[in-house]
Amino acid sequence: MSRYDYTAIENKWQKYWEDNHTFRAGTDYSKPKFYALVEFPYPSGQGLHIGHPRPYTAMDIVSRKRRLEGYNVLFPMGWDAFGLPTENFAIKNKIHPAIVTKNNVARFKKQLSSLGLSFDWEREINTTDPEYFKWTQWIFLQMFKKGLAYKKEMAVNWCTSCKVVLANEEVVGGVCERCGGEVIRKVKSQWMLKITEYAQRLLDDIADVNYLEKIKSTQTNWIGRSTGAEVDFTTTTGDKLTVYTTRPDTLFGATYMVISPEHPDIEKWSDKLQNMQEIRDYQSVAARKSDFDRTEMNKDKTGVELKGVRAINPVNGREIPIFISDYVLMSYGTGAIMAVPAHDTRDYEFAKVFNLPIIEVVKGGDIEKEAFTDCATGIMVNSGFLDGLSVEEAKVKIKEWLEQTGKGKTKVNFKLRDWVFSRQRYWGEPIPIVHCDKCGYVALPESELPLKLPEVESYMPTDNGESPLSTLDSFINTTCPHCGGPAKRETDTMPQWAGSSWYFLRYCDPKNKECLASKEALDYWMPVDWYNGGMEHTTLHLLYSRFWHKFLYDIGVVNLKEPYMRRTSHGMILGEDGQKMSKSRGNVINPDDVVRDYGADTLRLYEMFIGDFEKTAPWSPSSIKGCKRFLERVWGLQEILTDGEDYRDELKASFHKTIKKVSEDIETLKFNTAIAAMMSLLNEIYNTGSINKAELKAFCIMLNPFAPHITEEIYQSQFGEILNKQPWVKFNEELCKEDKIEIVIQVNGKLKAKLMVNADADKDSVLEIAAQEEKVKEALNGKNVLKQIYVQNKLVNFVVK
RNA sequence: GCGGAUAUGGCGGAAUAGGCAGACGCGCUAGCUUCAGGUGCUAGUCCUCGCAAGGGGGUGCAGGUUCAACUCCUGUUAUCCGCACCA
């Protein structure tokens with residue numbers, strides 16, 4: 001027999017699969033379907049990372065198993081190809097980003113193909129393809145028409161050195177991630193998407209889907225719902241100043257107020273404020289601080305009192321001072337708070353710095369030392385009509401009072417903020433809006449989609465931070481679709497998250513020219529049955545795409561509220577040193593080298609065997625050899641093949657048990673133990689010295705999803721058939737049981753002997769035999785047996801004294 | 001600070017409706033094969049005392065429940081991830 005020539009075998013089967021369209025998702029909509037999804041990669045210039053194959057192989061295993069189980073499987077792949085690195089590469093090397101993308105995609109595709117992943121390449125999509133982003137733009141227009149897309153002045157991160165707007169992720173330690181330059185806040189007009197309008201539904205519907213618990217809780221925290229009240233304070237200027245609080249019960253303890261430095265009322269009061277210069281100074285310092293600086297200021301509270309304007313506590317009529325401080329954020333609640341120093345840590349710190357009164361309103365803490373915040377079970381004091389009530393009762397009563405007197409109302413707040421949807425970049429979807437002086441922002445007619453990117457000389461952002469598109473008069477100047485007058489195009493582009501917010505829908509019908517996907521295809525394929533991806537996408541991509549999907553549900557494009565039935569996630573593959581792989585650490589493993597040296601099947605097997613799928617795992621160049629050895633030994637089974645169309649008795653239970661374990665482990669992401677079980681079975685087979693036809697067939701089929709090339713090759717050369725056309729292996733629960741079972745004999749919990757007994761033997765007979773064991777006799781000798789514990793098929797424990 | 005997770009041999013990791021701790025693999029040791037290297041095969045490999053038979057200890061740490069605890073309970077430490085002045 002020939003040696004295991006993995007390169008030849010893998011090339012042969014990859015070609016066979018391609019020629020025969022083996023993995024084409026069928027259009028027979030009467031068959032049961034299964035939609036498996038992995039996150040489509042950003043085709044970076046670095047090529048495929050060794051971490052990519054981990055989730056891809058996992059879902060490939062599930063997909064391959066489902067096909068053998070008779071499902072019509074959709075397992076697609078595409079390219080999330082808009083993005084900064086490509087643009088930067090284009091700028092540096094003066095190559096058009098589309099060409100960079102094309103080259104990178106070609107390389108990625110070649111690399112992915114070499115892994116034998118069963119993607120349906122006929123459904124390949126690319127977010128930078130105008131035929132694709134036509135529909136990204138279309139969805140944006142629908143949102144615009146429904147009032148969900150709007151323009152707003154927003155503070156953004158601005159690198160003073162690169163002269164570029166940075167995403168929050170690009171600001172590291174207060175400086176620009178790339179050049180180390182100073183980053184400041186700059187106000188710019190940005191397109192926003194009203195995801196907050198969907199906050200409650202995004203929260204509620206998590207209950208209906210099968211996501212990992214940690215994904216659910218991360219999303220829940222990110223949405224950050226809280227219930228409290230809005231309370232109106234009047235001021236000595238006669239204005240109304242509204243605060244949001246989750247603790248309206250402590251209203252009697254409010255001894256001052258704090259408003260954000262950006263609060264608009266400050267300007268309104270400017271002629272009444274005696275220390276305006278001091279206030280302006282503080283405002284400009286706060287404005288220069290990045291988010292990073294603000295968090296660094298954690299310990300030292302700063303602020304300025306507004307001299308000349310005071311507020312009146314609505315519950316007791318007391319006049320209290322108003323401060324500005326950067327610990328109050330304009331972006332949450334109302335941008336103003338009532339400060340209750342006795343029961344809030346931040347307010348307490350601030351009150352100490354500015355020597356403000358601290359009034360205890362819930363008994364139980366020691367407010368001389370610290371704020372008493374953990375006071376849910378306390379009793380109200382110094383609180384007028386709330387005195388003597390529990391905190392819970394007080395909350396109800398004060399809310400009633402606020403509603404009755406018209407001084408406030410119950411209010412729900414979310415941490416979730418609207419989505420900044422503009423990027424001042426070239427390599428993204430153009431936003432299909434024009435601005436007309438007469439008509440304002442006007443949507444491009446759908447007939448003009450896709451709005452393509454124009455050719456430009458340079459992709460470099462401009463000095464003032466506008467998109468490169470803003471330098472192109474031929475692009476900017478247009479006519480208003482509404483009034484026909486002169487108008488200017490929007491020059492910002494969409495963020496990278498746009499294209500990935502609906503891509504799973506396009507896979508259902510990727511070539512449709514009439515709509516983003518036909519109703520028929522969507523109704524059949526959706527929802528995604530199983531979506532695996534990284535934890536890092538839990539709060540952005542996953543939330544964004546749920547939002548878009550809900551919007552598309554509202555306008556009747558899809559008929560389901562949620563896009564993904566099940567969401568799981570995988571751990572990262574680290575370098576040999578346990579650190580994240582990076583060029584600078586020199587611990588990068590190139591998948592091409594691994595495929596060349598060990599073969600795709602070994603790589604796939606090792607990535608699944610490396611450890612718990614959900615946890616990070618360090619790459620080990622020596623451990624992978626174990627997987628190679630295993631496959632060599634599987635290959636070697638052909639040399640000891642004998643006739644026989646049934647499992648031999650001595651292996652029957654082992655086969656049934658292993659099939660059961662592998663079948664179940666694949667469903668629960670426990671690929672490592674599935675492989676371990678097959679390794680054990682292989683060892684058992686070799687111990688018998690031979691394998692028969694039935695056994696080899698079953699072994700190949702259950703190993704096939706993991707190592708598809710070698711198993712197809714063995715199957716074809718031994719049995720002359722295509723494995724892919726066989727049904728998935730079955731097990732029989734009854735036959736998993738061994739006739740004889742080893743049970744453990746303990747005395748006082750200490751192992752004394754092991755005994756082979758008939759399965760399901762009764763207590764008395766086992767106890768009798770157990771007591772006869774030499775070691776047991778010894779241990780029992782002269783002792784008093786107090787108790788005999790018998791666990792069927794497991795153990796016997798004699799409790800003696 | 002909040003939320004989530006993790007802690008088991010030299011290494012990656014198994015085992016939780018409580019029931020043989022260390023499956024499976026790597027590495028290592030010895031032997032066989034080999035001129036040698038590599039491959040392959042056989043045996044061994046948690047620590048410790050012992051020539052052995054056999055004994056003792058052991059799942060981050062300290063307690064508890066139980067005939068029996070990696071698994072349950074209480075407390076505690078460390079590490080990782082996410083969010084973070086969210087009122």
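In what follows, chains are A, B, ... by sequence order, proteins preceding strands, each numbered from 1. What's counted below: heavy atoms across the whole structure, side chains too, no hydrogens, waters or symmetry copies.
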Nearest to the side chain of [X], which nucleotide is it out of [options]?
X	options	result
A:K615	B:rG25, B:rU6, B:rG4	B:rU6
A:T673	B:rG19, B:rA15, B:rC67	B:rA15
A:K670	B:rA15, B:rA23, B:rA68	B:rA15
A:S623	B:rC83, B:rG19, B:rG25	B:rG25
A:L795	B:rA87, B:rG19, B:rC24	B:rG19
A:F609	B:rG25, B:rG27, B:rA68	B:rG25
A:D326	B:rG19, B:rC85, B:rC24	B:rC85
A:M679	B:rC26, B:rG4, B:rC24	B:rC24
A:W222	B:rA23, B:rA14, B:rC83	B:rC83

For [X] and [N], give me the distance from atom [atom1] to atom [atom2], rounded to whole Å.
X	N	atom1	atom2	answer
A:H570	B:rA5	NE2	C1'	17 Å
A:M338	B:rA87	CE	P	12 Å
A:M535	B:rG3	CE	P	16 Å
A:K216	B:rG82	NZ	C1'	19 Å
A:E370	B:rG1	CD	C1'	13 Å
A:I610	B:rC24	CD1	P	20 Å
A:K625	B:rG27	NZ	P	6 Å
A:L767	B:rC67	CG	P	17 Å

Does any nucleotide pair with [N] by Watson-Crick or G-U wobble geometry, both distances under 3.5 Å, and what is it?
N	answer
B:rG3	B:rC81
B:rU34	none
B:rC72	B:rG64
B:rG50	none
B:rC24	B:rG12
B:rU29	B:rA43

In Å, rounded to the nearest 0.5 Å, how long is the span from [atom1] of [X] to [atom2] of [Y]?
X	Y	atom1	atom2	result
A:L416	A:N221	CG	CG	12.5 Å
A:L241	A:T235	CG	OG1	7.0 Å
A:E392	A:M380	CD	CE	11.0 Å

Exercise. Are side-chain heavy atoms of A:K214 and A:E614 found at a separation under 4.5 Å?
Worked result: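 A side-chain contact exists here, since the closest heavy-atom pair is under 4.5 Å.
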Base, sugar-phosphate, or nothing: which does [X] touch, judged by heavy atoms less than 4.0 Å apart?
X	result
A:N683	sugar-phosphate
A:I789	base
A:N413	nothing
A:K750	sugar-phosphate
A:R225	nothing
A:E632	nothing
A:N797	base
A:K794	sugar-phosphate
A:G749	nothing
A:S325	nothing

For this session: Ignoring backbone atoms, test whether A:R633 places a side-chain nitrogen or oxygen under 4.0 Å from the OP1 or OP2 oxygen of B:rC41.
Result: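 Yes, within the criterion.
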Exercise. 5'-most contact on RNA chain B: A:K214 or A:G335, nearest heavy atom basis?
Worked result: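 Comparing both residues, the 5'-ward one is A:K214.
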Exercise. Want to settle it: does A:V791 or A:S331 sit nearer the 5' end of RNA chain B, counting the closest nucleotide to each?
Worked result: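 Per heavy-atom nearest nucleotide, the more 5' residue is A:V791.
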Problem set entry | Base B:rC20 paired with A:Q746 side chain (donor-acceptor, <3.5 Å) |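 Donor-acceptor pair under 3.5 Å: no.
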Problem set entry | Check: B:rC85 base within 3.5 Å donor-acceptor of A:K301 side chain |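 Donor-acceptor pair under 3.5 Å: yes.
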Nearest-angstrom distance, [atom1] atom, [N] to [M]:
N	M	atom1	result
B:rG13	B:rG27	C1'	14 Å
B:rG31	B:rA17	C1'	47 Å
B:rG60	B:rU77	C1'	7 Å

Exercise. Pick one for B:rG9: is it syn, with its angle within 90° of 0, or anti?
Worked result: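 What B:rG9 shows is a syn base, its glycosidic angle lying within 90° of 0.
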For this session: Go through the steps to decide whether A:T302 and A:Y282 satisfy the test side chain to side chain donor-acceptor pair (under 3.5 Å), and finish with yes or no.
Result: CA-CA 9 Å; A:T302 59; A:Y282 188 84; 2.7 Å; yes
Exercise. Under 3.5 Å, is there a donor-acceptor pair linking the side chains of A:T196 and A:D418?
Worked result: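 A donor-acceptor contact under 3.5 Å links the two side chains.
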Problem set entry | Residue pair A:Y790 / A:D762, side-chain donor-acceptor N/O under 3.5 Å |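 Judged by distance alone, the side chains do not pair up.
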Exercise. Would you find a donor on one side and an acceptor on the other, under 3.5 Å apart, between the side chain of A:Y606 and the backbone of A:S620?
Worked result: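 Looks like yes, one N/O pair under 3.5 Å.
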Problem set entry | Identified side chain to side chain donor-acceptor pair (under 3.5 Å) counterpart of A:H570 within the set A:D612, A:N532, A:T616 |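 Checked A:D612, A:N532, A:T616 against A:H570; only one passes side chain to side chain donor-acceptor pair (under 3.5 Å): A:N532.
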